[in-house]
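Below, chains carry the letters A, B, ... as their sequence lines are ordered, and counting in each starts from 1.
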There are 2 protein chains.
Amino acid sequence: MKSSVEPLKARRIYLLLRDRIVAGDLPPGGRLPGEPALAAEHAVSRVTVRRALDLLEKEGLVQRKPGSGTFVHDSRSVRPIVADLSNVLSHLIDMGRSTDVKLLSFGYVAPPEAIGESLGLKPGERVQRSVRVRLIDGEPFSYLTTHVPEWLGLTYSEAELAARPLLELIERSGVTTERATQAINATLAGPEAAAALDLEIGSPLLTLTRIVYEPSGRGVEHLHALYRPDRYSFHMDLVRIGDDGERRWSPAQGWPRAATKAKTEKNKPGEKPTRTPRAIKQRS
Amino acid sequence: MKSSVEPLKARRIYLLLRDRIVAGDLPPGGRLPGEPALAAEHAVSRVTVRRALDLLEKEGLVQRKPGSGTFVHDSRSVRPIVADLSNVLSHLIDMGRSTDVKLLSFGYVAPPEAIGESLGLKPGERVQRSVRVRLIDGEPFSYLTTHVPEWLGLTYSEAELAARPLLELIERSGVTTERATQAINATLAGPEAAAALDLEIGSPLLTLTRIVYEPSGRGVEHLHALYRPDRYSFHMDLVRIGDDGERRWSPAQGWPRAATKAKTEKNKPGEKPTRTPRAIKQRS
DNA sequence: GGAACCTGTATGATCGATAATACAGCTTTG
DNA sequence: CAAAGCTGTATTATCGATCATACAGGTTCC
């Protein structure tokens, strides 16, 4: 029975400070305790505190001013993209027109058992596997691994996949996409995803696994998406439906919210927070 | 400009193997390469590989058989709880009746600026802050931090909060909950959350931030929830509505899925995957 | 201007993680 | 049964992370 495996004290302090910052415990724009104070508080050396602050700075959560102090970055300049949940896919189609896509890998392989099973494939069937990275303003924010049955994948080319959203290509082939199931979860970045998303290994990631079915029940797309949480998150508005005994929340449909750009203003508390009425749906 | 800060080789290998396992690359029940082979493959010592495997084993992803090998854990015994998104809150109310809750902290404090603002409070107003942990089968799976305006919090006691779901208490007070907004994201476990959820610091967590409003627009509850991704995840079914130009996905409502217990069976590929028709809604 | 604070940087000592190696005990295979 | 492969365990050496300390230079405040 060995003692604890303490994975880096610097990381520990980094996480602790990060929590306090995102929780609003340390107000934006405020100065956080000096390095010597932090070192004493957490019983570590100043060098270690420094490395924790380095991580925070690299993440843009904190700004250092030599001689003055370290401050919580005021304008959260890198506001995450907001995906309305009731409408993720079409949202992605829109984004396919305003973001860049890098195709990292493309080929036909035998699928892992779990994926072949979820697509309802017979044992021998192969799939087209592709790995793509989506960039917004030149910065990567999602890492997409898709598996598509071979017969469907052959209806478009590698170049087309790099240029147009996959769902669009699938529909172009005549397949009707009728139903999908998806699951949202969290993981840590593995080596490939970390490299592609410009992150440290072990960074947190949002995951979305979606399987799209055509009306017959056949699976036509298996998507595994990894999102940088600082650049992407899922938002939704809920309204109450049913009453009393059967109370339940339901996503407010047809009400896609804008990216909540307000609130960057100082917006003195005491006034009701600004509410963004409607998103501007921009179509080309 | 310093060289790379490599946080633990063992962790790196752990993540790499974990990825391959959950991706189905290494099939469940299969044996993974021997420790010497892994050590050679990743150019590290066997001791390091061992520590990576220790992590996988502690997480239940892998099972070691001395003299034989290390195997991908077959039955994913600890199947995560599935929350249907269209219905999270009432789902939680139901769970409040079948799970344990531990109240870790309770008190009235001045809210962090961001939270006071989101609830629409005046500068001086205080809030009730509580931290709870939810357990299922004695195992913790969620870490909830809630902030409620003082006037509302005073309508129930600390003991009541530990026993009943917060939303129920809020409604009992006569407040009507009409609308809510929520965001889903991912982070790493900080020290407190890690301890409460029985995790290592730096483990990945699913986050849900929800603000509940009464009809007047006043915020009545600010919830920040952290979920263990191995024990909790969000699932939803989507259907296509609208056609062609305005294609969009919408959550399939009134169709709460069961916890998808099937698929534990071997379920030979080639047959259509079993689809669970309806959840059994159990009410007391 | 000067005192008190801060961040930036460097040093050598110390401790933990990793490497290299060896061996014990078990399982599988022939 | 014997050979080959595996996990479990131990030992010593090396390397990197952390510590304790010191000093340089900027900022803030009096």
Discussion item. The test is side-chain contact (heavy atoms from CB on, under 4.5 Å); show your working for A:Leu188 and B:Arg11 and say whether it passes.
Written reply: CA-CA 11 Å; A:Leu188 299 180; B:Arg11 186 180 189 83; 3.5 Å; yes

Fill in: Reported CD-to-CD1 distance for the pair B:Glu59 and B:Ile21, which is rounded to 0.5 angstrom
9.5 Å

Discussion item. Measure CZ/A:Arg51 against P/C:dG8 and give the value in whole Å, please.
Written reply: 15 Å

Discussion item. Rounded to whole Å, how long is the line connecting atom CG of A:Asp54 with atom P of C:dT7?
Written reply: 12 Å

Worksheet item: Would you call A:Glu139 and A:Arg228 a salt bridge, using N to O less than 4.0 angstrom?
Response: no

Worksheet item: Which letter, B, S or -, goes with each nucleotide of nucleotides 2-7 of chain D from 5' to 3', with contact meaning a protein heavy atom under 4.0 Å?
Response: ---BBB

Worksheet item: Rounded to whole angstroms, how far apart are NE2 on B:His42 and P on C:dT18?
Response: 15 Å

Practice prompt. Write down the distance between NZ (A:Lys9) and P (C:dA17), rounded to a whole number of angstrom.
Written response: 10 Å

Fill in: Pairwise distance CG(B:Leu208) to CD(B:Gln182) - rounded to 0.5 angstrom
4.5 Å

Worksheet item: Within the structure, does a side-chain N or O atom of A:Thr48 lie under 4.0 Å from either OP1 or OP2 of D:dA17?
Response: no

Worksheet, complete the sentence: Atom CD of A:Glu57 and atom C1' of C:dT7 are separated, to the nearest Å, by 11 Å

Discussion item. Can you tell me how the ring of A:Phe141 sits relative to the ring of A:Tyr227, calling it parallel under 30°, perpendicular over 60° and tilted otherwise?
Written reply: parallel

Response to the item:
Atom CD of A:Gln63 and atom P of D:dT27 are separated, to the nearest Å, by 14 Å

Discussion item. I need the single residue from A:Thr146, A:Leu104, A:Thr145 that forms a side chain to side chain contact (heavy atoms under 4.5 Å, CB included) with A:Arg132. Which is it?
Written reply: A:Thr146

